[in-house]
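Naming convention: chains lettered A, B, ... in sequence-line order (proteins, then strands); numbering from 1 in each chain. On a predicted model such as this, the values are computed, not experimentally measured, just so you know.
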Amino acid sequence: MDPGTIVAGILTIAILSFLYGDNPVYKMAETLLVGVSMGYVLVITWTNTLMAVLFKPLFVESEFWLIIPFIFGLFMFGRFHKSTSFLSRYSMAVLIGSGAGVAIPAMLGARTLRQMTATVEMVQGDSFLTIFSGLVVVAGLFSTLSYFYFSREHEGIMGRSARVGTYFLMIFFGTTFGYTVMSRVSTFIGRMDFLLSDFLHLTN
Amino acid sequence: MSSRQSRHLAFAGLFIVVTVTMLLNISIVATVSNETKQMFDYLDSLPESSVIIVSFDHEASSLPEMKPLGLVILRHLFEKDHKLIGVALLAEGTGVGYRLMQETAKEYNKEYGRDYVFLGFKPQFIAAILSMGESIDGTFPEDYLGNATSEIELLSDVHNYDDVAAVVSLADGSLTTHWIEYGNEKYGVQISAAVAASMLTTYDPYISSGQLKAMVGGLRGAAEYENLLGIGGSGARSMLAQSSAHLYIILLIIIGNVIYFRSRKKG
């Protein structure tokens, strides 16, 4: 058995020992996980971001225009001192401005316009089932929206619509919760599969 | 019994159910759902030797679910002789992605650089997706192993998404959304996904709108896909444990409700 499997097996048992209760072995494994994860991300970020995208092109390949993002990056550290904290606002302004400029048109297109088109297209389907599904989606859309519309009191038609909206929301949350439980159970099964087959060789 | 004791008892029960069913070592054949069939048919319909980007958009913590999904997708793509470009938009997906590609490539005698390449991790996923739309080798001047991408055979005719037939995003979170918003919406590249079960409801609307070509999800999805490929794997092996665990949870819900209503009746 390779050392990696032995270490992984022992650490998995250490994490599972939390089922018995909080204990030093679990704490040790948890701390190790956080430390190793942070170390891994730090090394990857240093190698793939700072070295590959900034330091190497700037100082080795003489791409001097990179001095501008470098300075803006340094401005972010200005937040550590009261007298220089204003500098970070320039960096944040560039970051939020460019981020919003890129994100708003894309999100408007992909999340709003295309989704609205798809909703209408379903109602225009060619079979009874598709049209029925489309009508359910439209009813779900308007009733859920009415639940989140707070400029008018939820009374009369508005109140009934909002109530129907809560049912759609409950169905959505219930389904999502069910899938999340399924996902967590899968994670546990995956670890048990590793323990029983790779580590303990009790199954194939 | 205190709530702490009952919680431990519930977890211990789940532990016993999963362990016993796994020790039985029975693989059950999962009935293939329409969604998984759609994903299989979609990847199967791509012309032979298509260039496909496989994006490892997940963390190591979701590996038990993402590994079986990643393996079946990679096996299918290698079986169809597609040319694969591996990337990772999350740092933790880097090592996992490289290992999975290497492992499956070996099974199908695929050569690194000619049949597949792993470009590694790129921070700032939105910028990375947009940048690859302009130039893949500009975004990744070097691959994961430090080779210059300009010298890699597979990438000699691949410059941006125009030369890519599809992107398969292996995601445990919302990163596939960014592929849809920026890769598909801006550059028109076709997106499909293999996702953790918890993300299935999030991506369903994108299937209906056609922004996501196809999707397979969770350990069950992996088992169904293994069934379609005609191979065994951890997906099928885990299905009995998965089903038993679900039955156990349903039983707990019923018991919990009975206790709740009985205690309410007593006042």
Side-chain angles (χ1 to χ4, degrees), chain A residues 16 18-21 33 37 40-45 47-50 52-53 56-57 98-99 102-103 105-111 114-119 121-122 133 137 172-173 175-197 202-204, chain B residues 4 8 11-12 14-15 18-19 22-25 59-65 67-68 88 91-92 94-95 120-124 126-127 130 141-142 172 177-178 180-182 184-186 196-202 205-206 208-211 217-220 234 237-238 241-242 245-246 249:
Chain A
L16 287 176
F18 185 72
L19 288 174
Y20 178 72
L33 174 75
S37 302
Y40 181 74
V41 172
L42 202 67
V43 168
I44 292 275
T45 309
T47 319
N48 291 36
T49 313
L50 290 171
V53 184
K56 199 176 156 198
S98 57
V102 169
M107 284 171 76
L108 194 69
R111 289 194 191 183
R114 289 284 293 274
Q115 287 298 315
M116 281 167 72
T117 313
T119 307
E121 274 173 357
M122 271 183 88
S133 302
V137 170
F172 171 76
F173 290 134
T175 316
T176 307
F177 180 70
Y179 274 127
T180 306
V181 170
M182 189 171 153
S183 198
R184 300 295 175 261
V185 170
S186 302
T187 306
F188 176 57
I189 290 171
R191 288 327 292 164
M192 288 310 293
D193 187 30
F194 165 78
L195 276 183
L196 297 174
S197 58
L202 293 174
T203 59
N204 296 323
Chain B
R4 188 186 154 89
H8 278 184
F11 285 138
L14 185 67
F15 180 83
V18 170
T19 310
M22 292 209 80
L23 284 172
L24 292 174
N25 210 13
E59 291 173 335
S61 56
S62 59
L63 202 58
E65 207 175 1
K67 190 181 172 185
E92 286 185 30
T94 320
F121 168 66
K122 203 71 193 165
Q124 290 293 328
I126 294 174
L130 289 170
E142 289 178 353
D172 61 356
T177 318
H178 299 299
I180 295 166
E181 282 167 6
Y182 301 101
N184 176 258
E185 192 69 20
K186 191 167 163 57
S198 55
M199 296 310 293
L200 282 167
T201 45
T202 308
Y206 294 112
S208 311
S209 65
Q211 290 163 284
L219 204 56
R220 184 181 167 82
S234 57
R237 210 169 51 233
S238 308
Q242 177 95 294
H246 287 174
I249 290 167

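Closest of all the heavy-atom pairs between Ala245(B) and Val18(B) is CB-CG2, 4.3 Å. Between Glu92(B) and Tyr40(A), the shortest heavy-atom contact is CA-CE2, 3.8 Å. Of all non-hydrogen atoms in Pro64(B) and Arg191(A), the two that sit nearest each other are CG-CD, 4.1 Å. Counting all heavy atoms, side chain and backbone alike, Gly120(B) lies closest to Thr94(B) at CA-CG2, 4.1 Å.
For the atom pair Ile249(B) CD1 and Arg184(A) CZ, the distance stands at 12.0 Å (nearest 0.5 Å). In this structure, CE in Met199(B) is found 9.5 Å from OG1 in Thr176(A), a value given to the nearest 0.5 Å. Atom CZ of Arg114(A) and atom OH of Tyr206(B) lie 10.5 Å apart (nearest 0.5 Å). Atoms CD and OG, on Glu121(A) and Ser209(B) in that order, are 9.0 Å from each other to the nearest 0.5 Å. Taking CD of Gln242(B) as the start and CE of Met22(B) as the end, the distance is 10.0 Å to the nearest 0.5 Å.
Note on Gly178(A), Ala106(A), Ser186(A), Ala118(A): by heavy-atom pairs under 4.5 Å with chain B, the leading option is Ser186(A). Of the listed residues Asp172(B), Leu23(B), Ile180(B), the one with more heavy-atom pairs under 4.5 angstrom with chain A than any other is Leu23(B). Here Pro205(B) is the residue among Pro205(B), Ala12(B), Ala196(B) with the most heavy-atom pairs under 4.5 Å with chain A. Highest contact tally toward chain A, considering only His246(B), Lys186(B), Gln124(B), Glu65(B), is held by Glu65(B) [criterion: heavy-atom pairs under 4.5 Å]. With chain B as the partner, the residue from Leu202(A), Thr45(A), Thr180(A), Asp193(A) showing the most heavy-atom pairs under 4.5 Å is Asp193(A).
Contact annotation for Leu130(B): only side-chain heavy atoms (C-beta onward) come within less than 4.5 Å of a heavy atom of chain A. Proximity to chain A (any heavy atom under 4.5 Å) is restricted, for Ile126(B), to the side chain, taken from C-beta onward. When heavy atoms are compared at a cutoff of 4.5 Å, Tyr182(B) approaches chain A solely by way of its side chain, counted from C-beta outward. Interface residue Asn184(B): only side-chain heavy atoms are found under 4.5 Å from chain A. Heavy-atom distances place no part of Leu24(B) under 4.5 Å from chain A, backbone and side chain included. Looking at Ala103(A), the atoms closer than 4.5 Å to chain B (heavy atoms on both sides) sit in the backbone and in the side chain alike. Looking at Thr177(B), only its side chain comes within 4.5 Å of chain A, counting heavy atoms on both sides. For Glu142(B), the part lying under 4.5 angstrom from a heavy atom of chain A is the side chain only. Only the side chain of Leu196(A) comes within contact range of chain B, judged by heavy atoms closer than 4.5 Å. Only the side chain of Phe188(A) comes within contact range of chain B, with at least one heavy atom under 4.5 Å from a heavy atom of that chain. For Val137(A), no part lies near chain B; criterion is any non-hydrogen pair under 4.5 Å. For Val102(A), the parts lying near chain B are the backbone and the side chain together; criterion is any non-hydrogen pair under 4.5 Å. Of the atoms belonging to Gln211(B), heavy atoms from both backbone and side chain fall under 4.5 Å from chain A.
Surrounding CZ of Phe177(A) are at most 12 heavy atoms belonging to other residues, nucleotides or ligands under 6.0 Å away.
A donor-acceptor pair under 3.5 Å is absent between the side-chain atoms of Ser183(A) and the main chain of Tyr179(A), judged by distance alone.
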